[in-house]
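Proteins get letters first, then strands, A, B, ... in listed order; numbering begins at 1 in each.
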There are 2 protein chains.
Amino acid sequence: MTRRVTIADIAAAAGVSKGAVSYALNGRPGVSETTRTKILAIAAEMGFVPNRAARSLSVSSAQAVGIALRRSARTIGIEPYFMELISGIEATLSAGSFGLTLQIVGTVEEELEVYRRWWAERRVDGVFLCDVGTSDQRLDFIADLGLPAVAVGGPIEGARFPAVWHDDVEPSRDILEYLYTLGHRRVARIAGIPGLLHTAIRDKAYDDTAADLAFESVTTIHSDYTGEQGAQITRRLLSSAKRPTAIVYDNDVMAVAGLGVAHELGLEIPEQLSLVAWDDSQLCRLTHPALTSLTRDIPAYGAKCAEVLLTLIGAATEAAHQGAETRTFSVQCKPAQLSPRGSTGPAQT
Amino acid sequence: MTRRVTIADIAAAAGVSKGAVSYALNGRPGVSETTRTKILAIAAEMGFVPNRAARSLSVSSAQAVGIALRRSARTIGIEPYFMELISGIEATLSAGSFGLTLQIVGTVEEELEVYRRWWAERRVDGVFLCDVGTSDQRLDFIADLGLPAVAVGGPIEGARFPAVWHDDVEPSRDILEYLYTLGHRRVARIAGIPGLLHTAIRDKAYDDTAADLAFESVTTIHSDYTGEQGAQITRRLLSSAKRPTAIVYDNDVMAVAGLGVAHELGLEIPEQLSLVAWDDSQLCRLTHPALTSLTRDIPAYGAKCAEVLLTLIGAATEAAHQGAETRTFSVQCKPAQLSPRGSTGPAQT
DNA sequence: CAGTATCGCTTAACCGGATAAGTAGCGTCA
DNA sequence: TGACGCTACTTATCCGGTTAAGCGATACTG
């Protein structure tokens, strides 16, 4: 079992003081180039890595950010979204040698408690806020703590910290116009959880677009994003007298479940029913027919979120030293693109 | 922006010294019950939460464990396995108020580097080792570091740290016997990555069982676990002259992809082809027909892994203080159970 | 009643870095 | 030649906890 190397060890080896070593390692003035080179060489040779706790204690930064996910153990795995997001976040974080602390919680109260603890413990320098709601108590809570944060989703009006988001209005319109062009007149949408911001945004975009086109009916039914509900609602829709000729799902998991139900009922896809999924994961390409879906680059999205959070943390650190003011800025990403595949086709006449 | 409370603040408020506060908060002897109660009350009132860095620095523990996953950004999301595992791990960790640090890496070298850094920085007290290979360089590397670790998978002979695993031999036999009873005589298995320990274990279990029964052929083809390869290999198998009447997949994603291919080729499931998946996630119940699969409780498995790691960390801490020796112990979990669903049926005569 | 154990607390050192303040050595310049 | 400034360090303090050691005051004990 190797011993951990401290700056005191390096100082002893180099015949200088701890302070000199610290200056040398951090690229600060105060040591000659000769000494600096020598110290760096010794540090490298000894395999020195600074003790995070010690550094954190003196500079008051954790070099880590946190993400709390509010899902049950059984349902969290099924959605590819989070892992892809985290994967993108990670890519940016590790480039800046930040760590990612993950916590899975059951309720909002637990989530708020986690944020408070992280903040009080100084375990993280900032957090990502997922599943932003239309009226989200976490926003003020975190802003009041003074904890740097980035909302993953938006836009959020009057937010006290930045949001990274992409427009859902245009893609919503794209879907409906696409289906309209294919001749569909009765369209149903199995939407996500009603309280979520992006659900509300899509709801409105849907209604607005529907009003502009001569649909017979455009209905929205809210769900909880699970495959079970997706299947159940699809079954109900397809058993009704005037069943829709196209169904749009707010995520890929429900769309896959919906496809299963269509198979179960013996419906030909896309001849008798067209299906569209939001959030194109690999899942959409595994089914037959493959699911037409709204594609966006989620790892890139996560990377952007991380980038903004790191910038924010940097700014907060600056501000603490120089009293500069922190500006809230939002970042809009490229909207999702419709990827037509086998699950959509002309409506039956 | 609230100020963080330190033990010095509490000491001042209670009119005692920092030391007394520390004793009181940690439930150690050295203060009277009266004083202890008073200090605890003040601490609670002020909302005191200890600074993790400070505590870590003095007690040399991070109160966090790490998990490094070696997957690409695009493929990591699709497998429900990891999120379920992490979810289970989390449940146990947060009960012990440990944090989880997650890192996604691309190569083994990167992964080893992450472990070394975590260890040197004292960022984690222990790690989980996923995707254990048949000859895994990480095992010795981590053991040499003296970093407490738990292998998620096994059994590992002569390991220098514990493994949490479940028997794959019995379930492998279960599948083959089940298919044999249904009259299947030509069975194919699309296996996982050849270097992985559990792939090797299943390979052998398969061969052994096949030798005991009068199959016409039992073939194994290795893959990379992705839906693409699952689909591609399935397509090849089903296009061959003597195509199998049943295919077993080493994970659920490939099985879903295989089902898609079967649909694409117009095969009736299960009349013309039976499909079995390992690792029953919700995915298996979303398709039509639902996939017969090997069910195991992955969150519970993760919880067990975390429990063992925490025990190990506790033991290591003890050992450091008292010089006691650390015992390596392995934990075997309940093997996966076959859940027959619509994707399997009698072989066509 | 002196000797001593125990309680209840304070003091101070320590963990491993960062960093402000202090200082020795040397060149510069009036 | 002495005041001054600069370089290249060293020293000491701090971050916020933990903990060994110290130290009165009280209780116990032979």
query: Does Ala53(A) or Gly30(B) map to a spot on DNA chain C nearer the 5' end, using the closest nucleotide for each?
result: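 The residue whose closest nucleotide sits nearer the 5' end is Gly30(B).
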
May I have the distance from [X] (atom [atom1]) to [N] (atom [atom2]), rounded to whole angstrom?
X         : N       : atom1 : atom2 : result
Asp9(A)   : dC15(C) : CG    : C1'   : 13 Å
Arg122(B) : dG16(C) : CZ    : C1'   : 11 Å
Arg55(A)  : dC15(C) : CZ    : P     : 19 Å
Ile7(B)   : dT19(D) : CD1   : C1'   : 11 Å
Arg36(B)  : dG8(C)  : CZ    : C1'   : 11 Å
Tyr23(A)  : dA18(C) : OH    : C1'   : 8 Å
Lys18(B)  : dG8(C)  : NZ    : P     : 23 Å
Glu121(A) : dC15(D) : CD    : C1'   : 17 Å

Base, sugar-phosphate, or nothing: which does [X] touch, judged by heavy atoms less than 4.0 Å apart?
X        : result
Val16(A) : sugar-phosphate
Val5(A)  : sugar-phosphate
Ser60(B) : nothing

Does OP1 or OP2 of [N] have a side-chain N or O of [X] closer than 4.0 Å?
X        : N       : answer
Arg28(B) : dT19(D) : yes
Ser17(B) : dT10(C) : yes
Ser32(A) : dC9(D)  : yes
Ser22(B) : dT18(D) : yes
Asn26(A) : dA18(C) : yes
Ser56(A) : dC15(D) : no

field: Over 12 foreign heavy atoms within 6.0 Å of CZ, Arg116(B)
entry: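 No.
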
message: Is it the case that atom CZ in Arg70(B) sees more than 12 heavy atoms from other parts of the structure closer than 6.0 Å?
response: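 For Arg70(B), atom CZ is crowded (more than 12 foreign heavy atoms under 6.0 Å).
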
field: Under 3.5 Å donor-acceptor, Lys38(B) side chain and Ala14(B) backbone
entry: yes

message: Under a 3.5 Å distance rule, please check whether Arg36(A) uses its side chain to pair with a backbone N or O of Ala24(A) as donor and acceptor.
response: yes

message: Using the side-chain heavy atoms of Thr35(B), tell me which of these nucleotides is nearest: dG17(C), dC9(C), dG16(D).
response: dC9(C)

task: Would you mind reporting whether Val331(A) and Pro162(A) have side-chain heavy atoms less than 4.5 Å apart?
output: no

Closest-nucleotide ordering on DNA chain D, the 5'-leading residue of Val31(A) and Asn51(B):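 Residue closer to the 5' terminus by nearest nucleotide: Val31(A).
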
